[in-house]
**Q** 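Before I ask anything, let me first share the structure, which is written out below as structure tokens.
One is the number of the first residue; the rest follow in order along the sequence.
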Amino acid sequence: MTPPTSRAAACPEPGRALPRTLVLGSLTVDTPVVLAPMAGITNAAFRRLCLEQAGSAQGSGLYVCEMITSRGLVERDPTTLKMLVFDEAETTRSVQLYGTDPVYVAKAAEILCAEYGVRHLDLNFGCPVPKITRKGGGGALPWKRGLLGEILEAAVTAAAPYGVPVTMKTRKGLDDDHLTYLDAGRIAQETGIAAIALHGRTVEQSYSGHADWRSIGELVAHVDIPVLGNGDIWEAADAVRMVEETGAAGVVVGRGCLGRPWLFRDLAAAFAGDEVTTLPTLGEVSGMMRRHAELLSQHMGEERGCTEFRKHVSWYLKGFRAGGTLRHQLALVSSLDAMDRLLAELDPAEPFPVAELGTPRGRQGTPRKKVALPDGWLDDTDGRGQHLREDADETSGG
Ligand SMILES: Cc1cc2nc3c(=O)[nH]c(=O)nc-3n(C[C@H](O)[C@H](O)[C@H](O)COP(=O)(O)O)c2cc1C
């Protein structure tokens, strides 16, 4: 797919060799591809499914758990603990932490390393959800450079005795007039962060418009630590192009794999130098849907697993001819048997709708009118010692 000009502004360097691995401190990942943390999506079942598709139990990419709140973990909030589940196939446990208070973040990091055997920690500084940014969390936090440094340092110090690398994930800034990514990169480097992932949008943009890959290239030029590029990778070829254009050490892939876990197979092939575009028939897609629901059922019990699966139905069937009634029934499914009966009605020979390739999926929406921030947030850019209140049960991610 030809990229929209707005995201292809950086000058391609065709001679640049593709990275084959991703080095995060003591951890080497065989393919420089990370499954983006996505709240409500990247649970143990989905991570396992993606891992299976990548074709290797270990090493082919890094698969990050849904966002966990530091305070929720420290206070052993039951909802938080339920999200901290890993599949037996996950040999490299990776978790994203949300936090605004260095003390809670450090305690949570230590719990994850000591009790959960986590081998990679990511910190969320990109969430655009108003109820988070209104309290100074997620994508709002990097505006407070001093506080950001305190949180990063606290996490790195807590994880260091376990040899666990800590990365951070952020956006360009609050809006185009309040950019934070270059400062965040510098602070990350100074505090011992192993890599920084940049989603090339501002909080104000949320998921609208195009990700600005030029900002990723700018961050690469600005720091010495690995930069992971994120935003609008819909196909493996997009990932290759992003790395070639920006010099990123690897990619973080979110919405592109919704209803398409086989994208990780194409990505692994692409970074190994092969061009593969998996085009499953509807029969193969329905097998994948069944496997996804089965894994969810194994981890959560059949009824809850099937309920959780419902949100994935439209992504799997996007572009296929499957009728509205059948889609509707699948989106109400509550047992694997019922699902089997409905999937049997699909035409297994229907070819993959190639018109879907390279097109956006998942949330897109419109820009926010105004970024919700605490009163007076913009007045000071340091915030050191300003320990913000964290909610124990925050799970919105984003
Ligand atoms: C449903 C959903 C949930 C998300 N949850 C999180 C999250 O918990 N933490 C985070 O850092 N980003 C979260 N994100 C953002 C993604 O990780 C990623 O940065 C974003 O979708 C842009 O990448 P993409 O264009 O590949 O989707 C979420 C995105 C979606 C669509």
**Q** Under the side-chain contact (heavy atoms from CB on, under 4.5 Å) test, which residues partner Pro165, sequence neighbours left out?
**A** Leu24, Ser26, Leu27, Ala194
**Q** What's the spacing between Leu81 CG and Leu73 CG if we round to 0.5 Å?
**A**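 It is 6.5 Å, given to the nearest 0.5 Å.
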**Q** Ignoring hydrogens and geometry beyond distance, is a side-chain donor-acceptor pair present between Thr278 and Asp266 at under 3.5 Å?
**A** yes
**Q** Is a side-chain donor or acceptor of Thr191 paired with a backbone partner of Gly149 at a separation under 3.5 angstrom?
**A**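 Checking the backbone N and O of Gly149 against the side chain of Thr191, no donor-acceptor pair under 3.5 Å is found.
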**Q** Between Arg321 and Glu350, is there a donor-acceptor pair closer than 3.5 Å when you use the side chain of the first and the backbone of the second?
**A**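 Judged by distance alone, no pair lies under 3.5 Å.
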**Q** Please report the interatomic distance CG(Leu295) to CD(Glu308), rounded to the nearest 0.5 Å.
**A**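 One gets 13.5 Å once the value is rounded to the nearest 0.5 Å.
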**Q** Report the residues that fulfil side-chain contact (heavy atoms from CB on, under 4.5 Å) with Ala331, sequence neighbours left out, ordered by chain and then residue number.
**A**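 None.
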**Q** We want to know whether Asp122 and Thr167 form a side-chain donor-acceptor pair, criterion being a heavy-atom distance below 3.5 angstrom.
**A** yes
**Q** Are Gln205 and Thr202 close enough that some pair of their side-chain heavy atoms sits under 4.5 Å apart?
**A** yes
**Q** What's the separation between atom OG1 in Thr92 and atom NE2 in His120, rounded to the nearest 0.5 Å?
**A** 10.5 Å
**Q** Is there a donor-acceptor pair closer than 3.5 Å between any side-chain N or O of Thr246 and the backbone N or O of Ala248?
**A**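 Confirmed, Thr246 side chain pairs with Ala248 backbone.
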**Q** Quick one: does any side-chain atom of Lys311 pair with a main-chain N or O of Gly40 as donor and acceptor, under 3.5 Å?
**A**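 Confirmed, Lys311 side chain pairs with Gly40 backbone.
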**Q** Applying ring-ring contact (aromatic ring centres under 6.0 Å, His included), run through Phe125 and Tyr98 and close with a yes or a no.
**A** CA-CA 8 Å; Phe125 296 109; Tyr98 166 84; 8.3 Å; no
**Q** When rounded to the nearest 0.5 angstrom, what distance separates CE in Met168 from CD in Gln96?
**A** 10.5 Å
**Q** With Glu150, which residues qualify under side-chain contact (heavy atoms from CB on, under 4.5 Å), at least two apart?
**A**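 With neighbours one apart ignored, the set is Pro102, Leu147, Arg384, His387.
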**Q** Would a 4.5 Å heavy-atom cut-off, applied to side chains only, mark Asp380 and Lys144 as touching?
**A** yes
**Q** For His292, check ring-ring contact (aromatic ring centres under 6.0 Å, His included) against everything at least two apart and list the hits.
**A**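 Checked His292 against ring-ring contact (aromatic ring centres under 6.0 Å, His included); matches are Phe46, Phe309, His312, Tyr316.
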**Q** Is the backbone N or O of Trp143 less than 3.5 Å from a side-chain atom of Trp377, with the two atoms forming a donor-acceptor pair by type?
**A**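 Absent.
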**Q** Could you tell me whether Arg260 and Glu356 make a salt bridge, using a distance below 4.0 angstrom between a side-chain N and a carboxylate O?
**A** no
**Q** Test your reading of the model: is there a side-chain donor-acceptor pair from Gln189 to the backbone of Arg186, 3.5 Å cut-off?
**A** no
**Q** Keeping Asp274 on the side-chain end and Val276 on the backbone end, is there a donor-acceptor pair under 3.5 Å?
**A** no
**Q** Would you kindly confirm whether Val103 and Val156 end up in one hydrophobic cluster when ILVMFWY residues are joined by side chain heavy atoms under 4.5 Å apart?
**A**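 No, because Val103 and Val156 fall into different hydrophobic clusters, even though each may have its own neighbours under 4.5 Å.
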**Q** Taking side-chain contact (heavy atoms from CB on, under 4.5 Å) as the definition, give me every residue that meets it alongside Asn230, ordered by chain and number, with sequence neighbours left out.
**A**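 Partners of Asn230 under the side-chain contact (heavy atoms from CB on, under 4.5 Å) test: Lys169, His199, Val252.
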**Q** Does the Arg93 side chain pair with the main chain of Arg119, one donor and one acceptor, at a distance under 3.5 Å?
**A** no
**Q** Of all the heavy-atom pairs spanning Gly139 and Pro142, show the shortest one and how long it is.
**A**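 It is O-CD, 3.5 Å.
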**Q** Indicate yes or no for a side-chain donor-acceptor contact from Arg171 to the backbone of Ser206 under 3.5 Å, with no hydrogens or angles considered.
**A** yes
**Q** Considering non-hydrogen atoms only, spot the tightest contact between Leu336 and Ala293 and give its length.
**A**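 In this case the closest contact between Leu336 and Ala293 is CD2-CB, 3.8 Å.
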**Q** Going by ring pair (Phe, Tyr, Trp, His ring centres under 6.0 Å), name the pairs with one or both residues in residues 238-290, residues two or more places apart or in two chains.
**A** Tyr63-Phe264
**Q** With a 3.5 Å distance limit and no angle check, can you tell me whether Arg310 reaches the backbone of Leu332 through a side-chain donor-acceptor pair?
**A**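 Yes: the side chain of Arg310 pairs with the backbone of Leu332.
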**Q** Taking the basic N atoms (NZ, or NE/NH1/NH2) and the acidic carboxylate oxygens, is any pair closer than 4.0 Å for Asp101 and Lys107?
**A** no
